[in-house]
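Worksheet for the structure shown next.
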Amino acid sequence: MTYTSDVVIIGGGIVGCASAYYLAKRGITNVIVLEGSDSIGHGGSSRNGGGVRQSGRDVRELPIAMYGIKNFWPTLSEELGVDTEYTQKGNLRLGKTEAHLKKLTTLANNAKSVGLEVSMIDGKQVREINPYLSEEVIGASWCPTDGHANPLTTTLGYYKRALEMGVKFFTSAEVVELRKIQGKVRQVITKDGAIFEGGDIILAAGYESRYIMNTVGLDIPMTKYLDSALVTEAQPKMFEQMLGTADADFYGHQTKHGSFVFGADCGLEGYMDMPLTRTESHPMTLSASCRAISGYIPLLSKAKIVRTWTGWMELTPDGVCVLGRPEETPGLILATAFNGHGFGTGPAVGYMMSQIVAGEAPAVDITPLRYERFMSNK
C-alpha cells in the first residue's frame, strides 16, 4: 500500500510530534508520522528526567535551548491543553571536588559568552538555595532560568494537538529503508512493505536513525547508550530546583506530586549487550544511582523506589545533535543524535523543522550542527 503526504516524519517522540504540530499550525496538515514501536513517545522522550535546562550545554546547541525557554515552555501547557508540569525554579549543577568546580566553571564561562545568565556559587550559597543538599557539596553552577517538566505529558500533548489538527500517526510502523526518486529522497518503506511518499522526509528516530539513513548513503558516527531512571514514593515538599552534577552522577527533580524522578548511569551501560527493545533497569545501575543520589541528598537515603525504567540514548563523538538538510540527500531533513538531552530543546527543534520545510531560515543558526561536520577532509 502507498500513502502520499506533504511531509513524512520518522519517529513519534517529542521532536517528531512537535514537528508535526508546528507544521499543522502553519497550515501544512497533510503530514504522516511513523513510529516504530506500538506507542507514541515510547523512546527517550518518555524515559528521561525531564530537564529543561540551558546550563551545562555545548555552546553550539545552547542558543536552541535558550530560544525554547524564552518562546515556548512558559505557555506550552496552555497551548497544548495538557499540564506539562513546567517549573522554572533554576538548576543547580553540583560539585564536591576542585576538579568538579573547574569543569563547572568552564561550562559556566562558555554559557555566559553566548548570553546565558549563569554563575558559580559556593557551598554556603548552594545550601541557601537548597538546604537539603549534603555538606560535601562545595560549590555549583546556578542558572535561575532553568527548570523541568513532565516528558510524557508534554510529548503526548504535542501528539494530541497534532492529531486534532489532521496529522496522521502510524504506530508499529518500523522503517527499514529510504528511497530516492530522481535524486531526491521521497519514499519511506516500512517493515510490512508499505510505502509512504512525501515532499520532505524528517528523520527523528533516535539511534535507529543511523540504520535508516544508511540506506541512502549517509552515516552519523553514533553509539547507543542505556540511561536509567527511577521514581520514588511521594515525599514531603523539599525543593523545586532541577539538580545535576559535574560528573553526571545523576540528575532529577521533585515532581508536583511529591515523588522524585532521577536519571543516572553507573558507567557500565556501554558494556551491556542489550537490544534496543529492552528497557528494564540493570541492578548494577540502580544501586549505583541510589548511592550517588543519597550522597548528595542524605534525607532520601531511606526513600522507597516505586519503579525504574531505562531509555536508549544516541551519542555522537562531539556530544551534540545533527540538524538540517544534508547536501547530498535532497528531500531529507535530520533531527537526531541528541545525546540524551533533547527533551528540553524539543519544542524549539520541532518549530525549526517546520520552518525548514516551509523554506524559511531556522530561528536559530544550526550551521554548527549540520551533518557535514562529520565529512572527512582527507
Side-chain angles (χ1 to χ4, degrees), residues 13-14 39-53 56 73 76-77 80 82-94 126-127 129-134 137 140 143 146-158 226-245 248-266 269 279-313 340-344 346:
I14 188 169
S39 59
I40 296 297
H42 180 75
S45 293
S46 61
R47 300 177 184 276
N48 67 80
V52 182
R53 63 176 174 84
W73 280 106
L76 199 55
S77 291
L80 299 182
V82 301
D83 185 4
T84 67
E85 299 181 24
Y86 177 58
T87 303
Q88 191 179 31
K89 295 293 185 178
N91 187 349
L92 286 165
R93 296 181 67 80
L94 309 169
V126 168
R127 279 174 288 279
I129 295 171
N130 187 329
Y132 297 93
L133 296 172
S134 167
V137 176
C143 181
D146 279 352
H148 51 81
N150 186 316
L152 185 58
T153 61
T154 304
T155 300
L156 293 182
Y158 274 118
L226 191 66
D227 197 41
S228 184
L230 63 89
V231 60
T232 72
E233 62 183 358
Q235 304 292 313
K237 184 175 180 180
M238 295 168 65
F239 55 85
E240 295 182 288
Q241 302 89 30
M242 185 72 184
L243 298 183
T245 68
D249 307 80
F250 73 94
Y251 57 91
H253 66 277
Q254 187 171 24
T255 70
K256 63 184 294 185
H257 312 292
S259 59
F260 281 85
V261 176
F262 292 110
D265 63 76
C266 71
E269 287 79 8
T279 55
E280 66 269 23
S281 294
H282 193 282
M284 192 175 294
T285 293
L286 186 58
S287 60
S289 301
C290 292
R291 286 193 295 272
I293 294 164
S294 60
Y296 282 90
I297 315 170
L299 278 180
L300 291 183
S301 61
K302 303 296 184 182
K304 293 181 180 179
I305 297 172
V306 175
R307 64 187 177 94
T308 68
W309 64 93
T310 58
W312 290 98
M313 301 187 297
H341 39 81
F343 170 67

Going by heavy atoms in the side chains, are Phe239 and Ile129 under 4.5 Å from each other?
no

Separation between CG of Asp146 and NZ of Lys89, rounded to the nearest 0.5 Å:
14.0 Å

Is it true that Thr84 and Ser77 share a donor-acceptor pair across their side chains at a distance under 3.5 Å?
yes

For Tyr296 and Asp249 the tightest heavy-atom approach is OH-OD1, 3.7 Å

How far does CG of Asn48 sit from OG1 of Thr155, to the nearest 0.5 angstrom?
7.5 Å

Using side-chain heavy atoms (C-beta onward) and a distance below 4.5 Å, is Ser259 in contact with Val306?
no

Could you grab the distance from atom CG of Leu243 to atom CZ of Phe250, nearest 0.5 Å is fine?
5.5 Å

Taking all atoms of both residues into account, what is the closest heavy-atom pair of Ala149 and Trp73, and its distance?
CB-CZ3, 3.6 Å

Gap separating the CD atom of Gln241 from the CZ atom of Arg93, nearest 0.5 angstrom:
14.5 Å

Output the distance between atom SG (Cys143) and atom CG (Leu92), rounded to the nearest 0.5 Å.
10.0 Å

Got Val137 and Arg127 here, is their nearest side-chain heavy-atom distance under 4.5 Å?
yes

For Phe260, is there any backbone N or O sitting under 3.5 Å from a side-chain donor or acceptor partner on Thr232?
yes

Using every non-hydrogen atom in the two residues, find where Leu230 and Thr308 come nearest and quote the distance to one decimal.
CB-CG2, 3.9 Å

Gap separating the OH atom of Tyr251 from the CG atom of Leu94, nearest 0.5 angstrom:
15.0 Å

Using only atom types and a distance under 3.5 Å, with no angle test, would you say the side chain of Gln254 pairs donor to acceptor with the backbone of Met238?
yes

Using modelled atom types only, decide if a donor and an acceptor are shared between the side chain of Arg53 and the backbone of His341 within a distance under 3.5 Å.
no

Heavy-atom check, side chain of Leu76 versus side chain of Tyr158, under 4.5 Å:
yes

Parallel, tilted or perpendicular for His253 and His148, by the 30°/60° rule?
parallel

Taking all atoms of both residues into account, what is the closest heavy-atom pair of Gly295 and Ser134, and its distance?
O-CB, 3.4 Å

If we ignore hydrogens and angles and just use 3.5 Å, is the side chain of Thr255 paired with the main-chain N or O of His257 as donor and acceptor?
yes

Check whether any side-chain N or O of Ser45 sits under 3.5 Å from a backbone N or O of Ile14 as a donor-acceptor pair, and report yes or no.
yes

Please report the C-alpha distance between Ile297 and Leu133 in whole Å, then the side-chain angles of each, then the deciding distance to 0.1 Å, and finally whether the side chain to side chain contact (heavy atoms under 4.5 Å, CB included) criterion is met.
CA-CA 5 Å; Ile297 315 170; Leu133 296 172; 4.0 Å; yes

Checking the side chain of Ser294 only, and the main-chain atoms of Arg291 only, is there a donor and an acceptor separated by less than 3.5 Å?
yes

Using only atom types and a distance under 3.5 Å, with no angle test, would you say the side chain of Thr154 pairs donor to acceptor with the backbone of Pro151?
no

Is any side-chain heavy atom of Glu240 closer than 4.5 Å to a side-chain heavy atom of Thr87?
yes

Between Gln235 and Leu299, is there a side-chain heavy-atom distance shorter than 4.5 Å?
no

Nearest atoms (heavy-atom pairs only) where Met242 meets Asn91
O-OD1, 3.0 Å

Donor-acceptor pair, Gln88 side chain versus Val52 backbone, under 3.5 Å?
no

